[in-house]
Amino acid sequence: GRVAQIGTPEAVYDHPATPFVDDFLGSVNLFHGRVEDGQLRLGEHALGAADGSDGSALAFVRSHEFELLPGWAGRGGLPATIVRVVSVGPSAQIELSRTDGELVEVAIARDTFRLLGLGEGDKVSLRPRQIRVFPTEAQAAWGETMNFQQLRIIRDTLRQDFNLTEVASASYTSQPG
């Protein structure tokens with residue numbers, strides 16, 4: 001295996017060095033896009049500033065890092081439709097479908113969601129407050145033998161066996177095959 005990143009749990013969570021580390025540490029939405037003129041673009045939609053050179057990119061946004069705005073017109077961000085809402089305790093877990101059919105998961109405070117007056121079938125704009133962008137080559141470097149679906153299965157299995165604090169304080173490795 002290879003060590004993916006070493007650091008405090010906070011530093012690794014806030015500044016993941018690779019797509020593997022970002023996905024391993026939490027629920028993330030993965031976007032395939034392009035960096036053009038310092039902006040991450042998904043088709044015709046600009047999601048925000050992106051460091052690095054122009055070209056194909058992978059972008060990660062954690063479910064709690066989105067701002068949810070009612071309607072599509074003139075709002076910026078990604079247009080989506082609310083598919084399902086599960087309100088449990090203080091959080092609302094929202095599943096949305098982008099216009100291209102890709103699913104996005106968003107988590108916001110239940111009270112905030114209630115104040116927005118939104119429900120299943122409503123159209124919204126998703127604005128990421130934080131985006132981590134990696135060149136597509138970064139996936140190749142860390143995912144040659146495993147795709148992100150396989151990595152998520154491993155991550156979820158580890159989460160069942162350990163609590164996140166134990167996993168977050170470990171050195172992260174990927175094993176071939």
### Query
Which residues satisfy the salt bridge (charged side-chain N to carboxylate O under 4.0 Å, His left out) test with Arg110, sequence neighbours excluded?
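Residues passing salt bridge (charged side-chain N to carboxylate O under 4.0 Å, His left out) with Arg110: none at all.
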### Query
With sequence neighbours excluded, what pairs up with Asp122 under the side-chain contact (heavy atoms from CB on, under 4.5 Å) test?
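Testing Asp122 for side-chain contact (heavy atoms from CB on, under 4.5 Å), a comparison that skips the adjacent residues, returns Ile82, Leu118.
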#### Entry: Hydrophobic cluster of Leu103, others only, ordered by chain and residue number, side-chain cut-off 4.5 Å
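Taking Ile, Leu, Val, Met, Phe, Trp and Tyr as members, Leu103 stands alone, with no cluster partners.
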### Residues clustered with Val83, ILVMFWY side-chain links under 4.5 angstrom
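Taking Ile, Leu, Val, Met, Phe, Trp and Tyr as members, Val83 stands alone, with no cluster partners.
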### Query
Does the distance from a Lys or Arg side-chain N to an Asp or Glu carboxylate O, for Glu65 and Arg127, drop under 4.0 Å?
no
Approximate separation, where rounding is to 0.5 Å, of [X] [atom1] and [Y] [atom2]:
| X | Y | atom1 | atom2 | answer |
| --- | --- | --- | --- | --- |
| Phe66 | Ile131 | CZ | CD1 | 8.0 Å |
| Gln130 | His64 | CD | NE2 | 8.5 Å |
| Phe60 | Asn29 | CZ | CG | 10.5 Å |
| Leu96 | Glu102 | CG | CD | 13.0 Å |

### Message
Could you report the tightest heavy-atom contact between Ser125 and Trp72, atom names first, then the distance?
### Response
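Reported closest heavy-atom pair: OG-CA, 3.6 Å.
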### Query
What residue pairs, at least two apart or across chains, pass side chain to side chain donor-acceptor pair (under 3.5 Å) with a residue in residues 80-98?
Arg98-Asp100
Give the table of side-chain donor-acceptor pairs shorter than 3.5 Å for residues 36-46, with sequence neighbours excluded, one pair per line with atom names and distance.
| unit_1 | atom_1 | unit_2 | atom_2 | d |
| --- | --- | --- | --- | --- |
| Arg41 | NH2 | Glu44 | O | 2.8 |

### Val28 and Val61: CA distance, side-chain angles, deciding distance, side-chain contact (heavy atoms from CB on, under 4.5 Å) verdict
CA-CA 5 Å; Val28 295; Val61 181; over 6 Å; no
Looking at side-chain heavy atoms only, is the closest gap between [X] and [Y] below 4.5 Å?
| X | Y | value |
| --- | --- | --- |
| Val133 | Leu58 | no |
| Ile108 | Val106 | yes |
| Leu116 | Pro70 | yes |

